[in-house]
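Every value quoted in this text rests on a predicted model; they were computed, and no experiment measured them. Chain letters run A, B, ... following the sequence lines, proteins first and then strands; every chain starts at 1.
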Amino acid sequence: MPPMNRDLLINAIADALAAIGIEPDGAIELERPAQRDHGDWSTNIALATAKGAARNPRELAADLVESLEAASLDGVAKVELAGPGFVNFYLENASIHDIVRHVVDAGDSFGSADIGGGLRVNVEFVSANPTGPLHAGHARGACFGDTVARLLSHIGYEVTREFYINDRGVQMQTFADSLAARKAGQEPPEGGYRGQYIVDWAAAMPDDADPFEWGYARALDDQRSVLASLGIVFDRWFSERSMIETGAIEAALSALAERGVTYEADGARWLASTRFGDDKDRVLVRSNGEYTYLAPDIAYHRDKFSRADRLINVLGADHHGYVVRMKAAMEALGEDPAHLDMPITQLVKLMRDGEEVKISKREGDLIELAEIVEEIGVDATRFTYLLQSVSSPQTFDLALASSRAMDNPVYYVQMAHARMAGIVRNATEVGTERLPLADVDLSPLVHERELEVMRQLATFDEIVVLAASEHLPHRVTTWLREFAAAVHGFYHDCYVVGEGIEPELTQARLWLVEASTIGLRVGLGLLGVSAPEEMR
RNA sequence: GCGCCCGUAGCUCAACCGGAUAGAGCACCUGCCUUCUAAGCAGGAUGUUGUGGGUUCGAGUCCCGCCGGGCGCGCCA
């Protein structure tokens, strides 16, 4: 990064502090002020160290400013004392211009970093039972998990997307029995699956098919295809059943036993999870000899740890109770529980024109994810699910998300991209050729709209790192909305080609257009949303 | 009863590690198309951040207590 880089400024601040004999107790914090007139960067170091140094914060800050001014920092136009003791930095336009070269050089790797250093991250998400189509309740976790995977990959992790298939146990058998019953023209058994899709699938099932295997394959195909339509492709579909064959479950149970963290009681085998922070011990093998759900899940996580350095397991709100016991189980196996992250996605309430839409339609039938995608489109589906922090409950208005109007944020952002593309088309049509960036002087970019676009671009790197490492994809969505606003403003007030615009300005602006295009394209791409050339 | 998440403008939501005057969009009102898409731009109004304490230079953010909502608390998954 260019001289706007925080590390350089932090070093300068450290030097200036040393020069006035102050030793900071912690790291020097540098933040981007919320308000424009507080400059481009700001540090609270004087406030933070004043107490330890037994100094008045404002006086200390004044000394710091003086010391910084004496150092006459490259690219910094002004250093100012403000408020109770903040020190604000104002950059010269020339250092703001550098972001354009940075973005253009980076291209599609704009915002990428090497934080991960090739560390292997396994992201498990969706993991729905293979007993029917994916429904609306799966959508948020699907969009979230995939986007977290994209983000981590962008900052240098080696990412595997994984789907765990619960393909054994009572649920599957009930599903198979329900299919068989419908095939025979009968009602599903007591407690069976009663959805319309069972009737439809049974009708499509060949007479000689095994309902269990056929239904399993049908459900997987169905889930796989709707996910693919959303741009979500898993690297691995991990079968629970396969662990019976490989003996992985028994191996995991033995490993726990060897570590002395299991015991027998009441005819069952227990995991002493309370030793690792759980509020009660958990049964692994029931007194009838069957595994609880936990045993294969532990074996599965153990397997993932053998293949990856960090695990992420995206869960729905109704499974949050699972977090502590799985971490306990991993710790019991000698893994570092901090290497297992289990983000919880809170529930989504669906609305249409202000009225709540119930996720369950008829008995056994839920609103399918495919229906949502069909109604509002892939881009709007992903963008809308990624609009907010998943730790908050979400209200999702289908009518709003499907509207092509300006009240739909996804089109607002895409429109900004289409407009940039339109400028390039227009330039080509009138025969204006863009010169190589190395030959273009960016100093004509002094309009407040232009500066705002560049300032926003300069924040992207840190937003991506934050969004990826804290699993906060909505930070990218928010950035895109703000950036798009800056781009629309620039578009409106700064004509790029046309009469009365100096050729030098046109050249500089064409490169700002290019940088903006990259910013929008990369940001949208991280969310899995397309960046259209036109929106007609 | 215990645990997790949430409570911010009329509505939907932001707010990086505790920072300066809590921000956007929608809805409402007013302007702007004779050069690149008006799916846009500009301006206006909107707040006891559920509530009561505490911590400190500074709290929407951290701690404690209440109120309200969601989800869990099985030898189900």
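- Distance from the side chain of A:Val497 is smallest to B:rC36 among B:rC36, B:rC5, B:rC4.
- Side chain of A:Ser287, nearest nucleotide from B:rC75, B:rC17, B:rU37: B:rC75.
- With B:rC6, B:rG19, B:rG25 as the candidates, the nucleotide lying closest to the side chain of A:Ser392 is B:rC6.
- Test A:Glu448, A:Glu482, A:Glu450 against A:Arg455 for salt bridge (Lys or Arg N to Asp or Glu O under 4.0 Å) and you get one pass: A:Glu448.
- Of the candidate nucleotides B:rC73, B:rC41, B:rU12, B:rU12 has the atom nearest to the side chain of A:Gln388.
- The side chain of A:Thr292 contributes no N or O atom lying less than 4.0 Å from OP1 or OP2 of B:rG74.
- Across all strands shown, A:Ser389 has heavy atoms under 4.0 Å from sugar-phosphate atoms exclusively, and none from any base.
- For A:His492, counting side-chain heavy atoms from C-beta on, the closest listed nucleotide (B:rG70, B:rC41, B:rC13) is B:rC41.
- Look at A:Phe86 and the base of B:rA20; the rings stack, centres closer than 5.5 Å and planes less than 30° apart.
- Under a 3.5 Å cut-off, the side chain of A:Trp511 and the backbone N or O of A:Leu435 do form a donor-acceptor pair.
- Checking B:rC36, B:rA15, B:rU21 against the side-chain heavy atoms of A:Ile423 singles out B:rC36 as nearest.
- One finds a side-chain N or O of A:Lys280 lying less than 4.0 angstrom from the OP1 or OP2 phosphate oxygen of B:rG74.
- Remark: the separation of the P atoms in B:rU21 and B:rG10 is 23 Å, to the nearest Å.
- With a cut-off of 3.5 Å on both Watson-Crick or G-U wobble distances, the partner of B:rC26 is given as B:rG10.
- Base contact: A:Ala418 has a heavy atom under 4.0 Å from a base atom.
- Base contact: A:Glu534 has a heavy atom under 4.0 Å from a base atom.
- Distance alone, capped at 3.5 Å, places no donor-acceptor pair between the A:Asn88 side chain and the A:Ser42 backbone.
- Checking A:Pro33 against A:Leu387, the closest nucleotide of RNA chain B that is more toward the 5' end is the one next to A:Leu387.
- The aromatic ring of A:Tyr491 does not stack onto the base of B:rC41, failing the criterion of a centre distance under 5.5 Å from the six-membered base ring together with planes under 30° apart.
- B:rC76 has no base stacking with the ring of A:Tyr293 when judged by centroids under 5.5 angstrom apart and an interplanar angle below 30°.
- Using a 4.0 Å heavy-atom distance criterion, A:His38 is classed as a base contact.
- A donor-acceptor contact shorter than 3.5 Å links the side chain of A:Asn56 to the backbone of A:Glu59.
- Phosphate proximity of B:rA15 to A:Arg475: present, with a side-chain N or O under 4.0 Å from OP1 or OP2.
- The nucleotide B:rU21 finds no pairing partner, because no Watson-Crick or G-U wobble arrangement with both distances shorter than 3.5 Å includes it.
- Using a 4.5 Å heavy-atom cutoff, the side chains of A:Leu315 and A:His320 are not in contact.
- Base pairing of B:rA15 is not made with any nucleotide, judged by Watson-Crick or G-U wobble geometry with both donor-acceptor distances under 3.5 Å.
- Side chain of A:Leu47, nearest nucleotide from B:rA14, B:rG19, B:rA77: B:rG19.
- A:Arg168 comes within 4.0 angstrom of no nucleic acid atom, judged by non-hydrogen atoms across all strands.
- Among the atoms of the strands shown, base atoms are found under 4.0 Å from some heavy atom of A:Asn88.
- In this structure, A:Arg282 does not reach the B:rG74 phosphate: none of its side-chain N or O atoms is under 4.0 Å from OP1 or OP2.
- A:Asp397 comes within 4.0 angstrom of no nucleic acid atom, judged by non-hydrogen atoms across all strands.
- No side-chain donor-acceptor contact under 3.5 Å links A:Thr395 to the backbone of A:Lys349.
- Under the 3.5 Å distance criterion, the side-chain polar atoms of A:Glu534 are left unmatched by any main-chain donor or acceptor of A:Ala421.
- For the C1' atom pair drawn from B:rU46 and B:rA22, the interatomic distance equals 13 Å after rounding to whole Å.
- Side-chain proximity of A:Leu347 to B:rC41, B:rC71, B:rC36: nearest is B:rC71.
- Checking the phosphate oxygens (OP1, OP2) of B:rG19, no side-chain nitrogen or oxygen of A:Ser42 falls inside 4.0 Å.
- Looking at A:Lys280, its side chain never comes within 3.5 Å of a backbone N or O of A:Thr274 through a donor-acceptor pair.
- Remark: A:Arg419 is not in phosphate contact with B:rU37, judged by side-chain N or O atoms under 4.0 Å from OP1 or OP2.
- When Watson-Crick and G-U wobble pairs are counted only if both distances are under 3.5 Å, B:rG1 pairs with B:rC73.
- Among the atoms of the strands shown, only primed sugar atoms or phosphate atoms (P, OP1, OP2) are found under 4.0 Å from some heavy atom of A:Asp318.
- The CD atom of A:Gln394 sits 16 Å away from the P atom of B:rC71 (whole-angstrom rounding).
- Remark: B:rU56 base-pairs with no nucleotide; criterion is Watson-Crick or G-U wobble with both hydrogen-bond distances under 3.5 Å.
- Both A:Leu400 and A:Pro84 lie near RNA chain B, and the one whose nearest nucleotide falls closer to the 5' end is A:Pro84.
- Relative to the side chain of A:Arg286, the nucleotides B:rC4, B:rC75, B:rC16 differ in distance, and B:rC75 lies closest.
- Side-chain N/O atoms of A:Tyr412 include one lying less than 4.0 angstrom from OP1 or OP2 on B:rC41.
- Within 4.0 Å (heavy atoms only), A:Ala317 reaches sugar-phosphate atoms of the nucleic acid but no base atom.
- Contact between the side-chain N/O atoms of A:His474 and the OP1/OP2 oxygens of B:rA15 is found at a separation under 4.0 Å.
- Pairing for B:rG65 goes to B:rU51, judged as Watson-Crick or G-U wobble with the two contacts each under 3.5 Å.
- The backbone N or O of A:Ala399 lies less than 3.5 Å from a partner atom in the side chain of A:Asp397, making a donor-acceptor pair.
- Side-chain N/O atoms of A:Lys51 include one lying less than 4.0 angstrom from OP1 or OP2 on B:rC57.
- B:rA45 and B:rG23 have their P atoms separated by 14 Å, given to the nearest Å.
- Taking every side-chain heavy atom of A:Thr395 into account, B:rC13 is the closest of B:rC5, B:rC13, B:rA14.
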